[in-house]
Amino acid sequence: MEASVGIRARPGAWAGLEKPRGAYSARAPPVRLTPEKLPERLALGTGPRRSTGPVLRAAKLKASCCKKSAGTEKVHYSADEALILQQKAQDVLPYLDGRCVYLVGMMGSGKTTVGKILAEVLGYSFFDSDKLVEKAVGISSVAEIFQLHSEAFFRDNESEVLRDLSSMHRLVVATGGGAVIRPINWSYMKKGLTVWLDVPLDALARRIAAVGTASRPLLHQEYGDPYAKAYTKLTSLFEQRMDSYANADARVSLEHIALKQGHNDVTILTPSTIAIEALLRMESFLTEKATVRN
């Protein structure tokens with residue numbers, strides 16, 4: 001449900017697989033997907049990987065990130081940003097050791113946008129858990145799932161999707177904003193590395209009000225000024241979830257990034273800048289954990 005970004009997304013493990021309608025519904029047992037069940041061309045983390053120098057990799061990354069595909073927004077970054085992203089990814093990869101990365105945060109926080117960049121530089125596959133639930137139950141949007149069934153129905157299927165993803169490797173997963181409220185989901189996500197994109201509520205409300213709430217089922221039923229209703233509802237949701245978000249292994253604070261740049265306007269931060277900070281926070285957590293272990 002996040003806005004997409006114009007970079008090459010790697011094929012998802014569900015692509016090309018025939019899944020029964022309602023595979024994750026409460027009435028039918030979920031289909032457990034494991035790497036062994038994936039087509040060879042989609043197997044994650046397998047096969048030889050060609051090694052290239054960091055400058056060449058950065059140039060290729062920059063080129064791919066500037067492509068515009070149908071229905072997506074073009075994202076530009078400089079050669080310097082591309083090089084930093086690639087270098088920080090190479091620093092993080094040995095510590096990740098193939099573990100998945102789960103992005104958590106409020107709706108509209110940019111998990112899909114940043115997640116696609118991270119997947120690209122890490123050489124991982126990217127998934128949006130909301131999209132996987134939609135495909136699993138055969139309904140085209142989360143908003144429609146809420147309308148036709150219920151939030152509980154959606155959450156049940158969301159948990160099943162996260163369970164299946166947790167058995168895989170080398171994935172970046174953008175989770176739904178409310179995925180953190182169920183402890184069982186944390187048991188799945190903690191098999192990998194969890195990263196919280198912490199965006200000020202004011203910025204989130206402005207972003208959501210600008211694009212509309214039709215795809216945000218927890219906001220769409222509210223009436224009144226778009227910004228005011230978004231801010232009020234986001235505040236309520238955040239108060240319910242803030243302790244859960246704080247369980248993440250790494251926190252990426254957009255306020256902190258803006259202050260480092262000498263301003264306080266988080267709305268001008270680029271996705272690449274946020275992705276760089278995410279890699280830095282991931283590296284800090286992983287290296288500290290490795291030090292403690294040794």
Side-chain angles (χ1 to χ4, degrees), residues 1-5 7-15 17 19 23-24 30-35 37-38 42-45 89 92-93 95-137 142 154-198 241 244-245 247-252 271 274-275 278-279 281-282 285-286:
M1 292 173 59
E2 310 285 344
S4 61
V5 59
I7 74 171
R8 175 173 57 82
R10 296 180 178 274
W14 267 260
L17 296 182
K19 289 178 63 70
Y24 287 111
V31 176
R32 297 299 301 279
L33 291 184
T34 65
K37 295 182 181 179
L38 302 180
L42 297 177
L44 308 177
V92 168
L93 277 169
Y95 293 99
L96 270 179
D97 194 28
R99 283 176 291 177
C100 297
V101 176
Y102 297 88
L103 299 181
V104 302
M106 293 286 286
M107 64 180 78
S109 59
K111 298 185 292 292
T112 294
T113 305
V114 174
K116 287 181 177 179
I117 296 174
L118 292 176
E120 181 69 30
V121 298
L122 291 170
Y124 275 28
S125 295
F126 174 78
F127 286 115
D128 182 318
S129 66
D130 283 351
K131 298 299 182 185
L132 294 181
V133 173
E134 291 167 5
K135 290 180 181 179
V137 303
V142 173
F154 171 80
R155 298 297 175 201
D156 288 343
N157 287 286
E158 178 180 57
S159 293
E160 300 293 353
V161 163
L162 291 174
R163 181 184 68 180
D164 286 347
L165 292 175
S166 71
S167 68
M168 301 180 189
H169 302 282
R170 300 180 64 84
L171 308 178
V172 174
V173 180
T175 67
V180 297
I181 63 178
R182 288 194 171 186
I184 188 64
N185 293 344
W186 281 105
S187 72
Y188 303 140
M189 294 190 292
K190 283 294 187 176
K191 293 180 181 180
L193 180 71
T194 51
V195 180
W196 172 24
L197 298 188
D198 184 10
R241 301 172 180 175
S244 297
Y245 288 137
N247 286 328
D249 299 316
R251 175 189 174 212
V252 178
I274 299 169
L279 289 168
R281 296 300 98 213
M282 291 162 61
F285 171 79
L286 289 168

Report yes if the side chains of Met282 and Val195 come closer than 4.5 Å at any heavy-atom pair, otherwise no.
yes

Separation between NZ (Lys191) and OG (Ser167), nearest 0.5 Å, reads 7.5 Å

- Task: Could you check if a side-chain atom of Leu286 sits within less than 4.5 angstrom of a side-chain atom of Val92, using non-hydrogen atoms only?
- Result: yes

Separation between NE2 (His169) and SG (Cys100), nearest 0.5 Å, reads 7.5 Å

Rounded to the nearest 0.5 angstrom, the OG-CD distance for Ser125 and Glu120 is 10.5 Å

Run the side-chain contact (heavy atoms from CB on, under 4.5 Å) check on Phe154 and Asp130 step by step: do they pass? CA-CA 9 Å; Phe154 171 80; Asp130 283 351; 3.3 Å; yes

OG (Ser129) and CD (Glu134) are apart, to the nearest 0.5 Å, by 9.5 Å

Assess the residue pair Arg182 and Asp156 against the criterion (side-chain contact (heavy atoms from CB on, under 4.5 Å)); give the C-alpha distance rounded to whole Å, side-chain angles, the decisive distance to 0.1 Å, and a yes or no. CA-CA 10 Å; Arg182 288 194 171 186; Asp156 288 343; 2.9 Å; yes

- Are Tyr188 and Leu165 close enough that some pair of their side-chain heavy atoms sits under 4.5 Å apart? no

Is a side-chain N or O of Arg163 found less than 3.5 angstrom from the main chain of Ile184, in a donor-acceptor match? no

Within the structure provided, determine whether Leu279 and Leu122 are in side-chain contact (heavy-atom separation under 4.5 Å). yes

Next on the checklist: A side-chain contact here means heavy atoms from C-beta on lying under 4.5 Å apart; do Arg155 and Val133 qualify?
Outcome noted: no

Heavy-atom nearest pair, Phe126 first then Ala119, reads CB-CB, 3.8 Å

Would you say the side chain of Trp186 lies within less than 4.5 Å of the side chain of Ser244, judging by non-hydrogen atoms? yes

What one should report as the nearest heavy-atom pair of Ala275 and Ile117 is CB-CG2, 3.7 Å

Q) When you measure from the side chain of Tyr124 to the backbone N and O of Arg99, does any donor-acceptor pair fall under 3.5 Å? A) yes

Q.
For Lys111, is there an ion pair with Asp128 - N to carboxylate O distance below 4.0 angstrom?
A. no

Side chain to side chain donor-acceptor pair (under 3.5 Å) with Thr194: of Asn247, Thr175, Asp249, only one passes, and it is Asp249

Rounding to 0.5 Å, atoms CG (Leu103) and CZ (Phe127) come to a distance of 14.0 Å

Q | Backbone of Ala179 reached by a side-chain donor or acceptor of Asn185 within 3.5 Å | A | yes

Closest non-hydrogen atoms of Ile181 and Pro183, given as atom of the first, atom of the second and distance, are O-CD, 3.5 Å

Taking every heavy atom of Trp196 against every heavy atom of Ala248, the minimum-distance pair comes out as CB-CB, 3.7 Å

*Stepwise side-chain contact (heavy atoms from CB on, under 4.5 Å) check, Lys131 with Thr112*: CA-CA 11 Å; Lys131 298 299 182 185; Thr112 294; over 6 Å; no

